[in-house]
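A short worksheet on the structure shown next.
Being a predicted model, the structure only gives us computed values, none of them experimental.
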Amino acid sequence: ISNINPNNTLNIVLDRLSDAGVSVTGTMKKSTGPLDFSTTGSDGWISFRSSEGIVTDVRLTDNSSYDVVLLPGEYRVDAAYGSVFDNVGYNYEKNNIVISSDQVIDILFPVKTMSGKITDTLGNNLENMKINIESDIDNDTNGIELFYWTEFTTNSQGVFTVDVVAPPANWNFSLEIGRASCRARV
């Protein structure tokens, strides 16, 4: 626009995004089933960042489904779920997603159930041990990066069962002495 006279009224008509955009729908879930959005302090969000730097955020507070209208283009998708009640959090990042028509993009956190028993060197059960697990998995093959954290307590026999991000073949645990935490690294 050039040669604008400030004394004249300028009328600009913008197209609605829904006229030019595409619908992206999906569900945020674990590979073992749905995430719990019913408890206070449990929510998720998805952020679509276009290659032009335009960010569209979607917040999930009462269910795991979403529907958003975006302009066609290439996007980076970041997503997260957290539950204060369950002491768990998942983060997801995927780059170079091309969105050119209406489509479904499910956010899937790959998890496995891990069970175990915590004992001391003499084999005595360590009851009510607070355990913290964090993992950061960067998969260059499919361009997905995952971060996961959880905190849980063993029962009176030192036993626990917890969902963890599905580990790759070379997953190693290391125990950080004095902090009663377990850090998984790839």
Legend entry - Close side-chain approach of Val162 and Val88, heavy atoms under 4.5 Å: no
Legend entry - Non-neighbouring partners of Phe48 that pass ring-ring contact (aromatic ring centres under 6.0 Å, His included), sequence neighbours left out: none
Inset, instruction - Using the test side chain to side chain donor-acceptor pair (under 3.5 Å), find all partners of Ser101 that sit at least two apart in sequence or belong to another chain. - result: none
Donor-acceptor pairs are to be reported for all side-chain atoms of residues 23-30 against protein atoms at under 3.5 Å, with residues two or more places apart or in another chain.
{"residue": "Ser23", "atom": "OG", "partner": "Asp67", "partner atom": "OD1", "Å": "3.1"}
{"residue": "Lys30", "atom": "NZ", "partner": "Asp163", "partner atom": "OD2", "Å": "2.9"}

Inset, instruction - Please report the closest heavy-atom contact between Tyr75 and Leu71, naming both atoms and the distance. - result: OH-O, 2.6 Å
Inset, instruction - Keeping the roles fixed (side chain from Ser31, backbone from Val111), state whether a donor-acceptor pair exists under 3.5 Å. - result: yes
Inset, instruction - Using the test side-chain contact (heavy atoms from CB on, under 4.5 Å), find all partners of Asn63 that sit at least two apart in sequence or belong to another chain. - result: Ser65
Legend entry - Co-membership, hydrophobic cluster, residues Val68 and Leu108, 4.5 Å side-chain: no
Got a list of side-chain donor-acceptor pairs under 3.5 Å for residues 35-45, not counting sequence neighbours?
{"residue": "Asp36", "atom": "OD1", "partner": "Ser38", "partner atom": "N", "Å": "2.8"}
{"residue": "Asp36", "atom": "OD1", "partner": "Ser38", "partner atom": "OG", "Å": "2.5"}
{"residue": "Thr39", "atom": "OG1", "partner": "Ser42", "partner atom": "OG", "Å": "2.7"}
{"residue": "Ser42", "atom": "OG", "partner": "Ser83", "partner atom": "OG", "Å": "2.9"}
{"residue": "Asp43", "atom": "OD2", "partner": "Arg59", "partner atom": "NE", "Å": "3.1"}
{"residue": "Asp43", "atom": "OD2", "partner": "Arg59", "partner atom": "NH2", "Å": "2.4"}

Inset, instruction - For Asp102, check side chain to side chain donor-acceptor pair (under 3.5 Å) against everything at least two apart and list the hits. - result: none
Legend entry - Min side-chain heavy-atom separation Val55-Ser47 under 4.5 Å: yes
Legend entry - Set of side chain to side chain donor-acceptor pair (under 3.5 Å) partners for Asn155, sequence neighbours left out: none
Inset, instruction - Consider only side-chain heavy atoms of I, L, V, M, F, W and Y, link residues closer than 4.5 Å, and tell whether Leu126 and Ile131 are in one cluster. - result: yes
Inset, instruction - Treat each ILVMFWY residue as a node, draw an edge where side-chain heavy atoms are under 4.5 Å apart, and state whether Val98 and Ile46 are in one component. - result: no
Inset, instruction - Taking all heavy atoms of Gln157 and all of Asn125, pick out the closest pair and write down the distance. - result: O-CG, 3.1 Å
Inset, instruction - Could you grab the distance from atom CD of Glu127 to atom OG1 of Thr154, nearest 0.5 Å is fine? - result: 7.5 Å
Legend entry - Candidate pair Thr153 and Asn128, rule side chain to side chain donor-acceptor pair (under 3.5 Å), full reasoning: CA-CA 5 Å; Thr153 304; Asn128 301 318; over 6 Å; no
Inset, instruction - Provide the full list of ring pair (Phe, Tyr, Trp, His ring centres under 6.0 Å) pairs with a residue in residues 100-132, sequence neighbours left out, each pair given once. - result: Tyr90-Phe109
Legend entry - Any residue meeting side chain to side chain donor-acceptor pair (under 3.5 Å) with Asp120, in chain and number order, not counting sequence neighbours: Asn124
Inset, instruction - Please name all residues satisfying salt bridge (charged side-chain N to carboxylate O under 4.0 Å, His left out) with Glu151, sequence neighbours left out, ordered by chain then number. - result: Lys130
Inset, instruction - Can you tell me which residue pairs pass the salt bridge (Lys or Arg N to Asp or Glu O under 4.0 Å) test with a partner in residues 75-85, sequence neighbours excluded? - result: Arg76-Asp78, Arg76-Glu93
Legend entry - Contact list for residues 52-71, test ring pair (Phe, Tyr, Trp, His ring centres under 6.0 Å), sequence neighbours left out: none
